[in-house]
Amino acid sequence: MVPSSAGVLVADGAAVRERVSIGDRTIIGRGVTIENDCTIGSFVKIETGAYITAYSVLENRVFIAPMVATSNDRFIGRTEERFKHFKGVTVMRGGRVGVGAVLLPGITIGPDGVVAAGAIVTRDVPARKIAMGCPARVVREVAEAELLDHQIWDDVRLGQS
Ligand SMILES: CC(C)(COP(=O)(O)OP(=O)(O)OC[C@H]1O[C@@H](n2cnc3c(N)ncnc32)[C@H](O)[C@@H]1OP(=O)(O)O)[C@@H](O)C(=O)NCCC(=O)NCCS
């Protein structure tokens, strides 16, 4: 598992399935499950109990809060039709998903996009927007000070992630 990545931390009780790649310095928290065929970037944080469904992509610097749930099968295990639509979620660079949020199949969170705690995300969230509620709706822009490119971490400034 993740043989070539540096500084990856996988906490106790976490499960990382087959054909998953994980970038450098990523933290997989306690009891997290990452299903098969996911691509996880560098400097990603996936916190306690989060569930990352198969065929998902989390780009660099993504933050997934505790108990976030993601899904990939709109038809919940019924019909042959479902195989045509099977799709994991994508959280683009610097995207953040709040505690207990639910992402429906195929959802994309744009770069620096934010999902509020407890939201049910049924539509893509554009870059640098905050979506909130059930179903989630965009409520405002992410504050400038929170944007990834405004952080002072050395590796961000140097353009390494
Ligand atoms: C989305 C979030 C950033 C909004 O913060 P904020 O803009 O400071 O929001 P405020 O506390 O000023 O609340 C503004 C309004 O939004 C509502 N609201 C805030 N968070 C909400 C949420 N998650 N879902 C639904 N409504 C929410 C508030 O009730 C308030 O409504 P009101 O004006 O009718 O009273 C924040 O509430 C949130 O969800 N943070 C994520 C926490 C988290 O998961 N952290 C992970 C590490 S543990």
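Order of listing sets the numbers, starting from 1, for every ligand and every atom in it.
Within 4.0 Å of atom 37 (O) of ligand 1, not a single protein heavy atom is present. Less than 4.0 angstrom separates atom 27 (C) of ligand 1 from at least one non-hydrogen atom of the protein. At least one protein heavy atom sits closer than 4.0 Å to atom 18 (N) of ligand 1. The protein does not reach atom 9 (O) of ligand 1 closely, with no heavy atom under 4.0 angstrom from it. The protein reaches atom 21 (C) of ligand 1 closely, with a heavy atom under 4.0 angstrom from it. Distance check for atom 32 (P) of ligand 1: every protein heavy atom is found at 4.0 Å or beyond. For atom 15 (C) of ligand 1, no protein heavy-atom neighbour is present inside the 4.0 Å cut-off. The protein does not reach atom 12 (O) of ligand 1 closely, with no heavy atom under 4.0 angstrom from it.
Side chain to side chain, Tyr51 and Glu35 meet the donor-acceptor criterion of an N or O pair below 3.5 Å.
Distances from ligand 1 to the non-hydrogen atoms of Arg96 include no value under 4.0 Å.
The nearest heavy-atom contact from the protein to atom 46 (C) of ligand 1 is Ala65 CB, 3.6 Å. Ranking protein heavy atoms by distance to atom 44 (O) of ligand 1, first place goes to Val99 N, 2.7 Å. Atom 1 (C) of ligand 1 has as its closest protein heavy atom Ala116 CB, 3.4 Å.
Side-chain contact check for Ile130 versus Val115: every heavy-atom pair is 4.5 Å or farther apart. Residues His150 and Glu144 have side chains in contact (heavy-atom distance under 4.5 Å, counting atoms from C-beta outward). Looking at heavy atoms from C-beta onward, Ile28 lies in side-chain contact with Ile34 at the 4.5 angstrom threshold. Ile107 places a side-chain heavy atom less than 4.5 Å from the side chain of Asp124. Between Phe63 and Glu47 the shortest side-chain heavy-atom distance falls below 4.5 Å. In this structure the side chain of Met67 never reaches within 4.5 angstrom of the side chain of Val102, judged on heavy atoms.
Scanning all heavy atoms of the two residues, the minimum distance from Ile64 to Ala50 falls at CG2-CB, 3.9 Å. Closest approach of Cys38 to Ile52, counting heavy atoms only: SG-CG2, 4.0 Å.
Under the 4.5 Å side-chain heavy-atom criterion for ILVMFWY residues, a single connected hydrophobic cluster contains both Val16 and Ile46.
Considering backbone and side-chain N/O of Pro66, none are found under 3.5 Å from N/O of ligand 1. Between Glu47 and ligand 1, a contact under 3.5 Å exists for no N or O pair. Considering backbone and side-chain N/O atoms, Ala117 comes within less than 3.5 Å of an N/O atom of ligand 1.
Within the structure, side-chain hydrogen bond (donor to acceptor under 3.5 Å, both in side chains) contacts touching residues 78-88 (residues at least two apart or in different chains) are Glu81-Lys84, Glu81-His85.
Residue nearest to atom 6 (P) of ligand 1, selected from Arg140, Glu146, Met132: Arg140 (by heavy-atom distance).
The atoms of ligand 1 that sit less than 4.0 Å from any heavy atom of Gly98 are 44 (O).
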